[in-house]
Amino acid sequence: MQCDCSTTVENKMKELARKQLPEGARNFTASLEGYAFILGKGMTMCMQPVMPFRVEYEAPKKRSDGFTKKKQVMNVTANFCPFCGKSAKVDEEAIAHD
């Protein structure tokens, strides 16, 4: 069974942030980012923690002198919840037997 840490932590952080807003603040929004829905076999779905890994560099231009700036973002998923340590993957065998 997966944990619900993302929802729990997000709600606690929202409450804490809301308390620290100045008087008269409006249109408050907040969300815990860094999670992705991962689809498995048979359309099973789980939420896994995701951390972006950013790469920036300057590469030589092919047709002229100078350099051009390049950016890449790769996402790294975690197999375990960073808050409670439970597995972040769907146990597809357990679902198949339900």
Practice item. Give the minimum heavy-atom separation between Pro49 and Cys81, together with the two atoms involved. Key: CG-CA, 4.4 Å

Exercise for review: Check whether any side-chain heavy atom of Arg54 lies under 4.5 Å from a side-chain heavy atom of Lys71, and answer yes or no.
Suggested key: no

Check your understanding: Same cluster for Val76 and Tyr35 if Ile/Leu/Val/Met/Phe/Trp/Tyr side chains link at under 4.5 Å?
Key -> no

Exercise for review: Work out which heavy atom in Ala88 is nearest to a heavy atom in Ala78; give both atom names and the distance.
Suggested key: CB-O, 3.8 Å

Exercise for review: Specify the closest pair of heavy atoms between Pro52 and Val73, including all atoms of both residues, with the distance to one decimal.
Suggested key: CB-CG1, 4.0 Å

List, one per line, each side-chain donor-acceptor pair under 3.5 Å for residues 10-18, sequence neighbours excluded.
| unit_1 | atom_1 | unit_2 | atom_2 | d |
| --- | --- | --- | --- | --- |
| Glu10 | OE2 | Leu32 | N | 2.8 |
| Asn11 | ND2 | Thr7 | O | 3.3 |
| Glu15 | OE2 | Lys19 | NZ | 3.4 |

Practice item. Measure across Phe80 and Gly85 and return the closest heavy-atom pair with its distance rounded to 0.1 Å. Key: CD2-O, 3.3 Å

Review point. OG of Ser6 to CD of Gln48: how many Å apart, nearest 0.5 Å?
Key: 12.0 Å

Exercise for review: Output the distance between atom NZ (Lys86) and atom CG (Asp4), rounded to the nearest 0.5 Å.
Suggested key: 8.0 Å

**Study point:** Whether over 12 other heavy atoms sit under 6.0 Å from Glu33 CD
**Key:** no

Review point. Shared ILVMFWY cluster between Val50 and Val9, side chains joined below 4.5 angstrom?
Key: no

